[in-house]
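Counting from 1, the numbers follow the sequence of the chain as shown.
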Amino acid sequence: MLCIAVFFFWWLLMGRRLRKFMKRLDRAGLDYLRSRDVDGYLLELDACCEMAGVRNMTLGGIPALDYVTILKIRTLREAGREGEVFALLETAKQEMKGEKALLLLRDEEEKLDRRQK
């Protein structure tokens with residue numbers, strides 16, 4: 001019975017952390033769309049990654065940290081900051097292991113390649 005209680009408590013705690021993370025991520029995205037402040041958005045994404053429990057979260061089968069990295073790459077690409085995109089892409093290629101994350105990463109890389117041509 002104790003194991004069930006501990007699991008239930010853990011499950012509630014992680015659900016609460018995930019909701020807080022998603023709210024902050026959504027708020028950061030909305031603020032970015034309103035202000036188009038790329039640097040402010042990137043700082044807020046970094047702050048989201050520092051929240052408790054984020055390292056253990058997944059969003060649609062993608063680790064939350066990988067998801068945020070892809071958001072950063074997309075934002076930098078849309079802002080025209082190719083040098084930073086390439087550096088982040090190279091780092092992400094080495095760190096990401098999940099199939100879904102790598103597919104999104106390849107998609108961003110293709111979009112960057114098409115933009116350069």
Side-chain angles (χ1 to χ4, degrees):
M1 198 61 160
L2 180 62
C3 289
I4 293 171
V6 168
F7 173 76
F8 187 68
F9 177 74
W10 173 84
W11 183 67
L12 287 175
L13 180 66
M14 286 305 292
R16 183 172 178 227
R17 286 178 175 176
L18 180 61
R19 279 191 304 279
K20 286 176 76 175
F21 171 74
M22 291 304 298
K23 276 180 133 176
R24 189 167 182 179
L25 198 60
D26 288 343
R27 190 172 41 246
L30 184 61
D31 290 345
Y32 170 66
L33 289 175
R34 287 181 180 156
S35 68
R36 290 294 183 193
D37 178 18
V38 174
D39 293 322
Y41 181 54
L42 295 174
L43 285 174
E44 186 61 22
L45 288 178
D46 287 336
C48 288
C49 290
E50 298 300 320
M51 293 176 70
V54 172
R55 296 194 185 284
N56 299 323
M57 292 179 193
T58 59
L59 305 172
I62 300 171
L65 294 177
D66 292 352
Y67 182 80
V68 171
T69 300
I70 291 167
L71 285 177
K72 288 179 185 179
I73 290 169
R74 183 172 295 156
T75 303
L76 290 169
R77 178 181 50 80
E78 290 172 354
R81 293 162 62 171
E82 280 87 11
E84 293 173 76
V85 173
F86 283 119
L88 195 52
L89 267 172
E90 290 305 313
T91 303
K93 282 182 194 177
Q94 295 170 3
E95 294 175 358
M96 289 186 188
K97 305 291 185 228
E99 186 177 322
K100 288 182 179 181
L102 289 172
L103 284 173
L104 289 173
L105 195 61
R106 270 189 236 121
D107 183 50
E108 287 301 317
E109 194 171 22
E110 288 172 5
K111 287 178 183 176
L112 187 62
D113 289 342
R114 276 185 262 152
R115 185 175 179 171
Q116 287 181 334
K117 290 180 182 181

Worksheet item: Would you find more than 12 non-hydrogen atoms of other residues, nucleotides or ligands less than 6.0 Å from K111 atom NZ?
Response: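 Enclosed: over 12 neighbouring heavy atoms sit under 6.0 Å from NZ of K111.
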Discussion item. Tell me every residue that passes side chain to side chain donor-acceptor pair (under 3.5 Å) with R24, counting only those two or more places apart in sequence or in another chain.
Written reply: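 For R24, the residues satisfying side chain to side chain donor-acceptor pair (under 3.5 Å) (neighbours in sequence not counted) are E44.
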Residues forming a salt bridge (charged side-chain N to carboxylate O under 4.0 Å, His left out) with [X], sequence neighbours excluded:
{"X": "R36", "result": "none"}
{"X": "E50", "result": "none"}
{"X": "E95", "result": "none"}

Worksheet entry | Hydrophobic cluster identity match, W11 and L13, side-chain contacts under 4.5 Å |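 Different clusters.
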Discussion item. In this structure, would V54 and L12 fall into the same cluster of hydrophobic residues linked by side-chain contacts under 4.5 Å?
Written reply: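 Result: yes, single cluster for both.
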State the [atom1]-[atom2] distance between [X] and [Y], to the nearest 0.5 angstrom.
{"X": "D26", "Y": "D31", "atom1": "CG", "atom2": "CG", "value": "11.0 Å"}
{"X": "R77", "Y": "E109", "atom1": "CZ", "atom2": "CD", "value": "11.5 Å"}
{"X": "I73", "Y": "F86", "atom1": "CD1", "atom2": "CZ", "value": "11.0 Å"}
{"X": "L102", "Y": "D107", "atom1": "CG", "atom2": "CG", "value": "12.5 Å"}
{"X": "N56", "Y": "L18", "atom1": "CG", "atom2": "CG", "value": "11.5 Å"}
{"X": "Y32", "Y": "T75", "atom1": "OH", "atom2": "OG1", "value": "5.0 Å"}

Listing, residues 59-72 side-chain donor-acceptor contacts under 3.5 Å, not counting sequence neighbours, or none:
unit_1, atom_1, unit_2, atom_2, d
T69, OG1, L65, O, 2.9
K72, NZ, D46, OD1, 2.3

Worksheet item: Should R17 and M57 be marked as a side chain to side chain contact (heavy atoms under 4.5 Å, CB included) after you check the CA-CA gap, both sets of side-chain angles, and the distance that decides it?
Response: CA-CA 9 Å; R17 286 178 175 176; M57 292 179 193; 3.6 Å; yes
Heavy-atom closest contact ([X] atom, [Y] atom, distance):
{"X": "M14", "Y": "G53", "result": "CE-O, 3.9 Å"}
{"X": "E84", "Y": "R81", "result": "OE2-NE, 2.6 Å"}
{"X": "A79", "Y": "V38", "result": "CB-CG2, 3.8 Å"}

Fill in: Side-chain ion pair, E90 and K93, N-O less than 4.0 Å
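Result for this pair is yes, salt bridge flagged.
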Worksheet item: Considering residues at least two apart in sequence or located in another chain, which fulfil the ring pair (Phe, Tyr, Trp, His ring centres under 6.0 Å) criterion with F21?
Response: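 Scan of F21 (ring pair (Phe, Tyr, Trp, His ring centres under 6.0 Å), adjacent residues dropped) gives none.
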